[in-house]
Amino acid sequence: MKIDRGLARSLQTGDPTPPSPPNRRRRAAALILVAFVLMAAFLVAAPSLSAALRRAYSTLSGQSTGGIPTSGFSTGTSTGSCSSAVTIQPLSNPDILNGSAVVAYPSDYCTLAGFALKQINNDRAANGTGPVALSFNRAAQQHADSMLYYSYFSHFDTQGYKPYMRYTLLGGRGADFENVAYSSYAVGLLGRTAAIEDAISSLEHLMVYNDAVCCNNGHRYNILNPLHNYVSIGVAYNSTYVFFDEEFQNEYLNLNLSVAAPSSPSPYHVTMQGAPIPGTPTPTAIYVAFDGTPTPETRAQLDSGPHEYGPGTLLGGVLPPAGPFGGCNQFTTGITVCASRWAFNASAIYISFSLDEFVKDYGPGVYTIYLVTGPSTDTALTTLSVFAS
């Protein structure tokens, strides 16, 4: 889903004396007051393929306490051929365990993903936005598999994860923004690829051209966002349902993420090192957002909502050093951490900082790092989740 831009706009640099961070007793109230979550919405339509075939559509716009992989300079985006990047196999338990999951691509996945990409890029071209390329980050298919396997519809999943958490756990190192939708049929699809394509086409059209009432044009904004340069597609279906997942990505950094071991003097010291692709926007700050430790959710809990998701509760962030003698500018609200190193140019990126102050004040949970190029999390080059215990 589109991440709430209003929330990020409160984190501007300027005032050198921000308010003190909330203490533990004020933490619950702060989370309630600051959290911005879009209204849950379901969009239902009933066009027909024929007198006998009726479909219902639903869409959600969007943006484990296991560890995350920390080695390898990778965005988590594969750009090879579809047939070499995916594994065709029957649907099975899709849960993410120890940074891995069994991701089951349907037999006609490459045909469907290519079809979906064409629909997306046609919509972007019609609205003056450049094309995105197809990537194969497994988060898209894993979530589509999960919704079909457990029979629910939400941006959250049965493990309590949000989209950017799944993206990070499954190797993503850029920024991730999710749309999900499904189509329900009264007559069995019987595995016909053309019928799945028709469902994808209808869902894509609804998200771009009939999204205002349902979702405040959140899907449309996500699909047409000019900063996105990749999309991963998830398609999972049986004879009755098609679940469709679009994970739009900002993949500009060939990035390695490392987090200090819990036993170290600074247990949550983060290093982001790698190289940008040509034309990468210059990052200006890091926003840090908090989510509580994910807990399992039942199908009933997921179906009852909330269905939409936000970027987490923004706590403050990290700013570049202001000069050779240390120190930095300050956010007007929240916690400000001065990076110990901040280097960015056309050939390299090296940013190093500590999350310890955030973890000390807010405790166990998920801390997501938004390396931004503008005033909102919509401009993020990363949505990297660090799981603190």
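Just so it is clear, the model here is predicted, and its values are computed rather than measured.
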Check A339 against F353 and note the closest heavy-atom contact, atom names and distance. CA-CB, 4.1 Å
State the OG1-OH distance between T87 and Y105, to the nearest 0.5 angstrom. 7.5 Å
Please check if V102 and I96 belong to a single hydrophobic cluster, counting links between Ile, Leu, Val, Met, Phe, Trp and Tyr side chain heavy atoms closer than 4.5 Å. no
How about F358 and Y367: are their ring centroids closer than 6.0 Å? no
Flag, side chain of D145 to backbone of A236, donor-acceptor distance under 3.5 Å: no
Donor-acceptor under 3.5 Å (T382 side chain, L371 main chain): yes
K162 side-chain N/O to P311 backbone N/O, donor-acceptor pair under 3.5 Å: no
Can you find a side-chain donor-acceptor pair between N345 and S347 that sits under 3.5 Å? yes
Is there a donor-acceptor contact under 3.5 Å from the side chain of T383 to the main chain of D176? yes
From CA spacing to verdict: side-chain contact (heavy atoms from CB on, under 4.5 Å), Y241, M147: CA-CA 10 Å; Y241 295 100; M147 289 189 290; over 6 Å; no
Please name the pair of heavy atoms, one in P320 and one in T284, separated by the smallest distance, quoted to 0.1 Å. CD-O, 3.7 Å
Could you tell me if the side chain of H269 sits less than 4.5 Å from the side chain of D356, heavy atoms only? no
Please check if any side-chain donor atom of Y152 sits under 3.5 Å from a side-chain acceptor atom of S146, or the reverse. yes
Residue pair T280, F344: steps toward the side-chain contact (heavy atoms from CB on, under 4.5 Å) verdict: CA-CA 10 Å; T280 299; F344 178 86; 4.1 Å; yes
Taking the side chain as every heavy atom from C-beta outward, state whether I277 and N229 have any atom pair closer than 4.5 Å. yes
Return the orientation label for the F290 and Y362 ring planes: parallel under 30°, perpendicular over 60°, tilted otherwise. tilted
Any side-chain heavy atom of Y237 sitting closer than 4.5 Å to one from P106? yes
Any side-chain heavy atom of T271 within less than 4.5 Å of one from Y350? yes
Rounded to the nearest 0.5 Å, how far apart are OG1 of T158 and CG of N93? 8.0 Å
For a quick test of reading the model, state the closest non-hydrogen atom pair linking L381 to P281 and the distance between them. CD1-O, 3.8 Å
Derivation of the salt bridge (Lys or Arg N to Asp or Glu O under 4.0 Å) call for D303 and R299: CA-CA 6 Å; D303 285 342; R299 174 185 172 184; 3.6 Å; yes
Output yes when a side-chain donor or acceptor of S352 lies under 3.5 Å from a complementary backbone atom of S340, and no otherwise. no
Under a 4.5 Å cut-off applied to non-hydrogen side-chain atoms, are L169 and R166 in contact? no
Evaluate the ring planes of H228 and F248, with Trp represented by its six-membered ring, and classify them as parallel (under 30°), tilted (30 to 60°) or perpendicular (over 60°). parallel
Side chains of D95 and Y150, donor plus acceptor under 3.5 Å: yes
Could you please spell out the steps behind the side-chain contact (heavy atoms from CB on, under 4.5 Å) verdict for D123 and M207? CA-CA 10 Å; D123 288 329; M207 288 190 287; over 6 Å; no
Beyond-backbone contact of L148 with Y182, side-chain heavy atoms, under 4.5 angstrom: no
For the pair R173 (side chain) and N254 (backbone), establish whether a donor and an acceptor sit closer than 3.5 Å, ignoring hydrogens and angles. no
Is Y252 reaching over with its side chain to a backbone N or O of L227, donor-acceptor style, under 3.5 angstrom? yes
Sub-3.5 Å donor-acceptor pair from the side chain of S304 to the main-chain atoms of Q301, do we have one? yes
Check: S385 and Y167 side chains under 4.5 Å, non-hydrogen atoms: no
CZ of R138 to OG of S100: how many Å apart, nearest 0.5 Å? 5.0 Å
Between F156 and E297, is any pair of side-chain heavy atoms under 4.5 Å apart? yes
Is it true that Q249 and S135 share a donor-acceptor pair across their side chains at a distance under 3.5 Å? yes
Where do D157 and L302 come nearest, in terms of heavy atoms and distance? O-CD2, 3.7 Å
Can you tell me how far apart CG (L117) and CD (E204) are? Round to the nearest 0.5 Å. 10.0 Å
Distance in Å, L384 CG paired with Y164 OH, rounded so as to fall on 0.5 Å steps: 12.5 Å
Verdict with reasoning, Y230 to N137, per side chain to side chain donor-acceptor pair (under 3.5 Å): CA-CA 10 Å; Y230 283 95; N137 182 281; over 6 Å; no
Judged by atom type as modelled, is there a donor-acceptor pair below 3.5 Å linking the side chain of T336 to the main-chain atoms of F331? yes
Should the ring pair Y209 and H205 be called parallel, tilted or perpendicular, given that the plane angle runs from 0 to 90° and is split at 30 and 60? tilted
What one should report as the nearest heavy-atom pair of C82 and F136 is CA-CZ, 3.6 Å
side-chain contact (heavy atoms from CB on, under 4.5 Å) partner of M272, the single match among L257, I349, N256: L257
To the closest 0.5 Å, what do you measure between CD (Q141) and CG (D245)? 8.5 Å
Take F115 and I233 through the test side-chain contact (heavy atoms from CB on, under 4.5 Å) and record every step on the way to the result. CA-CA 10 Å; F115 178 85; I233 301 296; over 6 Å; no
Ignoring hydrogens and angles, tell me if any N or O in the side chain of S202 forms a donor-acceptor pair with the backbone of A199 under 3.5 Å. no
Non-hydrogen atoms of A380 and N250 that approach each other most closely: O-ND2, 2.8 Å
